[in-house]
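Down below is the structure, laid out as structure tokens.
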Amino acid sequence: MDNASPLSRREALAQAQEALLAWFGAHMRPLPWRRDYDPYRVWISEIMLQQTQMERGVQYFERWMDAFPTLEALAGAPEEEVLKLWEGLGYYARARNLIKAARAVVQERGGAFPASFEELRALPGIGPYTAAAVASIAFQEDVPCIDANVERIIARLLDIDTPVKEKAAQEAIAEAARLLLPRGRAREHNQAMMELGALVCARRPDCPRCPLSPWCLARKRDTAEHRPVKKPGAGPVELVLASGVLLHGGRCFIQKREEDDVWGGLWEFPGGCAEKGERPEKAVVREYLEETGFAVKVLGKYGVLKSTYTNHRITLHFYALAFAGDKPGPAPEAPVLTAASESRWVPVKELAGFAMPSLYRKAADALSGGQWGMLGLLFPKA
DNA sequence: GAAGCGTGGGC
DNA sequence: TGCCCAAGCTT
């Protein structure tokens, strides 16, 4: 094949393209946004599926469309409501950017959905991949999509033995992706590539079932298992967090995180990292003072929760807190916030209505569900 | 280019 | 259990 003439090379390319499209026609999953390829639905699906497993993405997608069925509905929705729906999905900037983009389209374009790669790329939260995906899948624009699936497939087709994220490999992949795209078929082709990556050319490749295996160099050389080549990443960071619930007048204190921080726009109980050698009981008191000005004391410990995010491993020590009588600090209704944009005093039973990071959601649910026994039951009348 | 941003699933 | 993810974007 390496010495093939330009004519047979072109024929081989056409055969591979047809084989892929035929495979997609036979094996594509009936996903909800494939119903009519409505641009709004395609856009939402693409954002939701970023770094997210398909099954979870579909569940959130169905709920989302019930709540915000149109671009206009999303543009008019309160951010609180959108983040609450997104709760648990992670990467919350995706949800905040969806709102910003929807409002921009309504206000600056009169609601006319951006229909080209360039226009899409200009919206917040839409990068090269998503702009190509929406332009091709919703509007049949002839642009290739390059996501992790496509990178993996092409790294195997060409047997690329350098790290895929490096410039050289990226250029080879982009060039191959352009060549592979059959003009006028971008919607089917791009989805076919990603579907193939998800179902067949996965981390553990299933070469016997692959429609592209006749043209795959890694298959020929038996290196598919070792492609794509990844660069070693940083190891996990251990984090000890101390937090707790401060109750006063039958309500507990929560605060809303700043946008540019992790878990931006979500609600939490104040707290933070224990310093080196610092006991978590002391850390939670210090953090409350630093973040709210409140002087608090520890009534007891609910327990320890474990979690991870990105490359952090978290151990959260969670406490029951009350105001320390001798050092009042600011009045309960006037905290001095240094790590949050706003705060509320809410009844425990209403915590369910606030979007919280997964770790704090578990704590809140255990609190309101009485799963922390006597100490939890103490609270409503503390 | 590298790092930061979440979460739950699978092996 | 510990590690690697799963349809990336922003700074």
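Below, chains carry the letters A, B, ... as their sequence lines are ordered, and counting in each starts from 1. Predicted, not measured: the structure shown is a model, and the values here were computed from it.
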On DNA chain C, nearest-nucleotide positions of A:I126 versus A:M54: which is more 5'? A:M54
Taking for A:R152 and for A:L123 the nucleotide of DNA chain C with the nearest heavy atom, the one nearer the 5' end belongs to A:R152
B:dA2 to C:dA7 separation - C1' atoms, rounded to the nearest Å: 23 Å
Are side-chain heavy atoms of A:R156 and A:C201 found at a separation under 4.5 Å? yes
Would you mind checking if A:R204 and A:E225 are paired as a salt bridge, meaning a charged N to carboxylate O distance below 4.0 Å? yes
Give one of base, sugar-phosphate or nothing for A:L359, where a contact means two heavy atoms less than 4.0 Å apart. nothing
Mind checking A:S358 for me? I need base, sugar-phosphate or nothing, with any heavy atom below 4.0 Å counting as a touch. sugar-phosphate
Scan A:M48 against the nucleic acid and name what it touches under 4.0 Å (heavy atoms): base, sugar-phosphate only, or nothing. nothing
Would you check, one step at a time, whether the test side-chain contact (heavy atoms from CB on, under 4.5 Å) holds for A:T292 with A:S343? CA-CA 9 Å; A:T292 67; A:S343 65; over 6 Å; no
A:Q53 vs A:Q50, nearer the 5' end of DNA chain B by closest nucleotide: A:Q50
For the pair A:E151 (side chain) and A:P228 (backbone), establish whether a donor and an acceptor sit closer than 3.5 Å, ignoring hydrogens and angles. no
Taking heavy atoms of chain A and a 4.0 Å limit, find me the 5'-most and 3'-most nucleotide of DNA chain C within that range. C:dC3 to C:dT10
Positional range of nucleotides in DNA chain B within the contact set of chain A, heavy-atom, under 4.0 Å: B:dG1 to B:dG9
Does A:R257 reach a base, just sugar-phosphate, or nothing at all? Heavy atoms under 4.0 Å. nothing
Is A:T130 touching bases, backbone alone, or none of the nucleic acid, heavy atoms closer than 4.0 Å? sugar-phosphate
Mind checking A:R96 for me? I need base, sugar-phosphate or nothing, with any heavy atom below 4.0 Å counting as a touch. nothing
Sorted by chain and residue number, the side chain to side chain donor-acceptor pair (under 3.5 Å) partners of A:Q51 (sequence neighbours excluded) come out as none
Is there a donor-acceptor pair closer than 3.5 Å between any side-chain N or O of A:R344 and the backbone N or O of A:W267? no
More 5' along DNA chain B: A:N311 or A:M356, using each one's nearest nucleotide? A:N311
Check the orientation of A:W43 and A:Y40. Use parallel for under 30°, tilted for 30 to 60°, and perpendicular for over 60°. perpendicular
Students often get this wrong, so: under 4.0 angstrom with heavy atoms, is A:K306 touching a base, only sugar-phosphate, or nothing? nothing
A:K100/A:E259 salt bridge by N-O under 4.0 Å criterion: yes
Any chance you could lay out the ring-ring contact (aromatic ring centres under 6.0 Å, His included) test for A:F253 and A:H248, step after step, and finish with the verdict? CA-CA 8 Å; A:F253 185 84; A:H248 178 72; over 10 Å; no
